[in-house]
Amino acid sequence: MALQSADDDDLMILDDVDDQLLIEICQAAEQEKSPSRQVLHILLWVAVSKASVSTSLENDELIAIDFEIAELDSQIAHLYKQRSKLEQRKQELKRTLSNALKSSVHGFQKDAVENWRRTDYPWSKKVEHVLNTVFKLQTFRLWQLETINVTLFGKDCILIMPTGGGKSLCFQLPAVVSEGITICVSPLIALVEDQIHQLHALDIDARAINSSTSKTDAAAIMNILNNPNQNHQMKILYVTPEKLAKSKTMMTKLQKLYEMKQFARLVIDEVHCCSTWGHDFRPDFKYLNIFKRLFPKLPLLGLTATATTKVIEDVKQILNIPHCVLFKAPFNRKNLYYEVWRKDSAKDCMEDLARVITQRFDKQSGIVYCLSQKDSEDVCGYLQSYGIKAGCYHASLTGRARTQVHEKWLKNEVHVICATIAFGMGIDKPDVRFVIHHSLSKTIENFYQESGRAGRDDKQSHCLLFFKYSDVFRLACMALAEKSGNGLKNLYSIVDYCLNETRCRRDCIAEHFDEVFQAGDCHKMCDVCSRIRKATKKNCRSDAQIIIDYLKNTVTSKNRLTALKLFEQTTKLVSLNREDHQRLILRLLLDRYIKEDFHLTPYNSICYLIPGPRATRVNDLQCEIYLDVIETNKIATTVVKETTTTAEQPRKKQNILTVPKPKLRWVNDDKKVVDKPSLKRVLEYDDTDSDANENVAELNGEKAVKQHITSVITDEFDELDFL
Ligand SMILES: Nc1ncnc2c1ncn2[C@@H]1O[C@H](COP(=O)(O)OP(=O)(O)OP(=O)(O)O)[C@@H](O)[C@H]1O
C-alpha cells in the first residue's frame, strides 16, 4: 500500500511496515521538536493500519477456531456413535460368552458336574442318613448335593444361590458329617444367633464367638480350641471376620487345630464381601486371603446369594482359590412379579402404599423396606392409621422389641413389617406375599436379595419398587462414602433399572448378574412384559439441551442447583410431564451429560448438579438421548382383567381413590398414641418441601467429613447390625 505525504513529495510504502520501522518513525518524530505534518500523518496511518491488521488477524483466528471446534464436535459425535455401536457389540459378545459359559458348565464340565452328583462316595450313606435323621429333610435341592460332595472331597467351592435356596445346609450337613470343627465366617450376628438357635433345635453343637459372646462362653470355646482332641461336641464355630482379622490368639488356635487335622473347613458366608467390586465390600474380609496360604489343604466354601462374574473372579483371586468349583443356581425366581412404580412425592407414595396393601394384599404377609429408621417408623404409623396391622423393625429398637415384632409377624398377628435392611438376613417365612421397596435400594444386588424374601413357598408374590426422584440424590450422598468406591456406580445401575420401561425386568437383572435370559421366559411376570400399551423410546435431545443450557447459564460458584431446584426451575421450559422430566434429568446424570457436584461440610453433604463431560454434545442435532416413555398414565386401566398381572393397576387412579381416607388413629406397636406434631409431620410429609432435606444426609459431631458420612450411613442403613 502506498501513502502520499501531505507535501506530495514523499511517498511511503506501508505494506511492509513493521514494528522496527514504526520505532524508527517515532524516533524521527521525537527528534523534530514539532513533527512535520507528514510525519504525524504517517504515524497515524501506521497506527490505524496496524490496528486493523491485528483485528482482522484475531477475526481470522476466531473463525479458524470455530471451524476447528465444529470439526471436533463432528468427530466427537462420530466417536460417540462408534462408542454406542461398540457398546451394543459388547453386550452381544457378553451374551455369547455367557451362553458359552453356560454350555461349558453343561458341556465341558458336564462330566464333572455328574461326578459331584454321585451318591457312592465313602461319605454318601452318612450324608443321606444325616439329611433324614438330623435335618429331617428328604431330598436335596438344586446344587446342594454337589456342593456337599465337593467340600467333603476336600476341594474349594463357591456356591451362588438365591436367597432362600438352602445354602446353610451345604455347610451345616458336612459339618456334622466331618470330623473336627467347621469355622464359619459370617458378618451378621443376628443371622448367626438365628442359625445357632435352629441348630440347637436339631441337637447340633454350634457356637459363636463375637462381640456379644459372654466371657464364660468365650473361655469355653477357647478351651475346646486348645484341646481339640478331647471329647467335645462342637461342630460349628461362627466367627466374625473382624475376630479373625484382629485376634492373633485365634489364628494360633486355628493353626493348632489344622495341624491336628481337626480344622474341617472354612466357610465364608456372604463371600462377595471380599471384593471391592461387590455391593457390600467389607475390608475385614480381605484378611481371609491368608487362610489358603497358612492352611493349603483346608477346604474353603464360599456362599453368596448375589455376585456378578467379575465379583466371583475377584473373590477367587483374593482367597487364592483359582481352581475352585463354582456352582451357580439360576437367579430367576419364576413366582416373583417385579414392578416399578414411579412416584413424584413421598406423600403420594405413602397413600398408594397404604391403598395397594389394603386392596391387593389385604391381611397377607409382607415387608416394606424403607431407607431410614425414621422412614420405617413413619411408614408404619401411616399404615396403622389405615387400619393395617403393621409393625416396625430397625436396629435402634431393643432386641426385645425386634424379637416381639418378628414373632408377631411369623404368627400373622402383624401383617406388614416396615423395616430398614436390618430386617432380612435369615428371615425364613414361606408365605411372604409381597416385598415393597418404599425407597430405592442401594444396589441391584440388595434389591434382588431383599425382594427375594417374597414367595419362598413358590406361590406367586409381588416385588414392588417405588421409584422417587429425590431418593436418588439422598442415596447418592451416602453412596459417595462407600468403602469400595463403587457406591455411585452401583446406585446408578439400579436407577437405570428403574428408568427402564421397555425391557423385561428379569432380563435387566439377568444382565446385571451376567446371565442370559430370554424375555419370553418371563411369562408376563413383570410390569414391562405384562403392560398392554407398551412404552416407546423417545429422543428427548431438545429438552435435554434446555435443561443443560439452563444449568450452564445458572450455575456459578455462588449459585448452585440441587436436583430438585433444577427440576423445579426447568419445569416450564420443557415439554415433558413431571415424571418424564425428572426421569430425563436422571437419564442425563447416568449418561454423564450432567454430573454431581458434592459439597461436604462437617454437618452435611449436598449433591448439586453441574454440566457433565458430555454436556456440549446435546448441541449436536445428531445427538440422540432416549427416554422410555409411556404415552399416558391412564393406560389400560379398563382393559386389565382380574386374572391378568397387576402391572397396570398402580395407575388405576379411580380404583385407588375409592378407598376411604385414612382414619387419623396413630398408635405404635406398644399401643402408644403418637404425638400430634409427628402425626402432622407424616401427613404433610412431602419431599418437595425442602430441597436441602432431599439431598442432605444429616450428620452429627465434628469429626472429619468422610467419617461423618460413614457414620450417617451406619445410622441410615443400620449397618450396626453387621457388627
Ligand atoms: N433340601 C431341602 N429340602 C427342604 N427344605 C430345605 C432344603 N434345604 C433347605 N431348606 C429350607 O429352605 C429354607 C431356606 O434355607 P436357608 O436359610 O439355608 O437359605 P439361604 O440360601 O441360606 O437363604 P438366605 O440367603 O436368605 O440366608 C430353610 O427353611 C431350610 O430349612
Side-chain angles (χ1 to χ4, degrees), residues 141-143 160-167 279 304-308 328-341 353 356-357 359-362 364-369 409 415-417 419 421 423-467 493-494 496-498 500-501 503-531 640 643-650:
R141 286 182 178 169
L142 183 68
W143 299 126
I160 310 169
M161 189 182 261
T163 172
K167 291 182 285 296
H279 59 285
T304 176
T306 48
T308 60
K328 188 172 181 180
F331 85 98
N332 187 17
R333 299 269 312 275
K334 289 182 184 165
N335 60 322
L336 299 187
Y337 184 91
Y338 292 98
E339 55 189 317
V340 175
W341 288 12
L353 177 66
V356 79
I357 291 174
Q359 288 192 346
R360 275 203 211 169
F361 309 114
D362 193 27
Q364 294 186 346
S365 199
I367 307 172
V368 178
Y369 277 110
W409 183 67
H415 294 136
V416 185
I417 294 242
I421 56 163
F423 185 70
M425 297 289 179
I427 300 299
D428 190 19
K429 192 172 197 292
D431 61 343
V432 177
R433 289 282 74 84
F434 63 95
V435 171
I436 299 178
H437 278 82
H438 173 260
S439 306
L440 201 60
S441 290
K442 289 194 290 180
T443 65
I444 289 197
E445 283 86 345
N446 282 44
F447 168 70
Y448 175 70
Q449 211 162 349
E450 287 148 17
S451 56
R453 291 181 187 124
R456 282 182 179 230
D457 56 5
D458 288 338
K459 291 191 183 152
Q460 186 170 326
S461 308
H462 284 72
C463 307
L464 167 57
L465 193 163
F466 281 112
F467 179 53
S493 293
I494 189 159
D496 203 21
Y497 170 86
C498 295
N500 161 64
E501 297 284 355
R503 192 169 155 208
C504 168
R505 302 247 178 244
R506 280 185 161 67
D507 192 16
C508 298
I509 297 175
E511 186 184 78
H512 186 81
F513 292 121
D514 300 308
E515 283 201 32
V516 178
F517 184 80
Q518 302 299 332
D521 293 343
C522 178
H523 301 295
K524 299 197 175 179
M525 282 295 282
C526 79
D527 54 352
V528 176
C529 291
S530 65
R531 189 175 291 132
V640 180
T643 49
T644 56
T645 46
T646 43
E648 329 278 348
Q649 292 191 9

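Residues that satisfy the side-chain hydrogen bond (donor to acceptor under 3.5 Å, both in side chains) test with Asp431, not counting sequence neighbours, are Lys429. Checked against ring pair (Phe, Tyr, Trp, His ring centres under 6.0 Å), Phe467 has no partners two or more places apart in sequence or in another chain. Residues satisfying the ring pair (Phe, Tyr, Trp, His ring centres under 6.0 Å) test with Tyr448, not counting sequence neighbours, are Phe513. Partners of Arg505 under the salt bridge (Lys or Arg N to Asp or Glu O under 4.0 Å) rule, at least two apart in sequence or in another chain, are Glu501, Asp527. The side-chain hydrogen bond (donor to acceptor under 3.5 Å, both in side chains) search around Lys328 returns none, not counting sequence neighbours. The side-chain hydrogen bond (donor to acceptor under 3.5 Å, both in side chains) search around Ser441 returns His437, Glu450, not counting sequence neighbours. Residues passing the side-chain contact (heavy atoms from CB on, under 4.5 Å) test with His512 are Thr308, Ile444, Glu445, Ser493, sequence neighbours excluded. In this structure, the side-chain contact (heavy atoms from CB on, under 4.5 Å) partners of Ala510, at least two apart in sequence or on a different chain, are Phe331, Glu515, Phe517. Under the salt bridge (Lys or Arg N to Asp or Glu O under 4.0 Å) criterion, Asp458 pairs with no residue at all, not counting sequence neighbours. Qualifying side-chain hydrogen bond (donor to acceptor under 3.5 Å, both in side chains) partners for Arg506, counting only residues two or more places apart in sequence or in other chains: Asn332.
In this structure, Trp409 and Phe423 have perpendicular ring planes: the angle between them is above 60°, well past the 30° mark.
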* To do: Please step through side chain to side chain contact (heavy atoms under 4.5 Å, CB included) for the pair Cys504 and Val528, ending with a clear verdict.
  => CA-CA 6 Å; Cys504 168; Val528 176; 5.6 Å; no
* To do: Test side chain to side chain contact (heavy atoms under 4.5 Å, CB included) on Tyr497 and Ile509 and set out the steps.
  => CA-CA 8 Å; Tyr497 170 86; Ile509 297 175; 3.8 Å; yes
* Asked: Where do Thr304 and Ile160 land on the side chain to side chain contact (heavy atoms under 4.5 Å, CB included) test, with the steps shown first?
  -> CA-CA 5 Å; Thr304 176; Ile160 310 169; 4.0 Å; yes
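His523 NE2 to Ser530 OG: the interatomic distance, rounded to the nearest 0.5 Å, is 13.5 Å. Atoms CD and NE2, from Glu339 and His462 in turn, are 5.5 Å apart once rounded to the nearest 0.5 Å. A distance of 11.0 Å separates CG in Asn335 from NZ in Lys459, rounded to the nearest 0.5 Å. With rounding to the nearest 0.5 angstrom, the CH2 atom of Trp341 is 7.5 Å from the CD1 atom of Ile436. Taking CG from Leu464 and OG from Ser451, the interatomic distance works out to 10.5 Å, rounded to the nearest 0.5 Å. Considering CZ of Phe466 and CG of Leu440, their distance stands at 13.0 Å, rounded to 0.5 Å.
The two residues Cys508 and Asn500 make their nearest non-hydrogen contact at SG-ND2, 3.6 Å. For the pair Arg141 and Gly166, the tightest heavy-atom approach, listed with the atom from each and the gap, is NH1-N, 4.0 Å. Of all heavy-atom pairs between His438 and Val368, the closest is CB-CG1, 3.8 Å. Leu465 approaches Cys498 most closely through the heavy-atom pair CD2-SG, 3.9 Å.
We find that Asp457 and Arg433 are joined by a salt bridge, their nearest charged nitrogen and carboxylate oxygen being less than 4.0 Å apart.
Arg453 contributes no side-chain N or O that, together with a main-chain N or O of Ile367, makes up a donor-acceptor pair within less than 3.5 Å.
Side-chain contact between Pro330 and Leu142 is present, with heavy atoms from C-beta onward closer than 4.5 Å.
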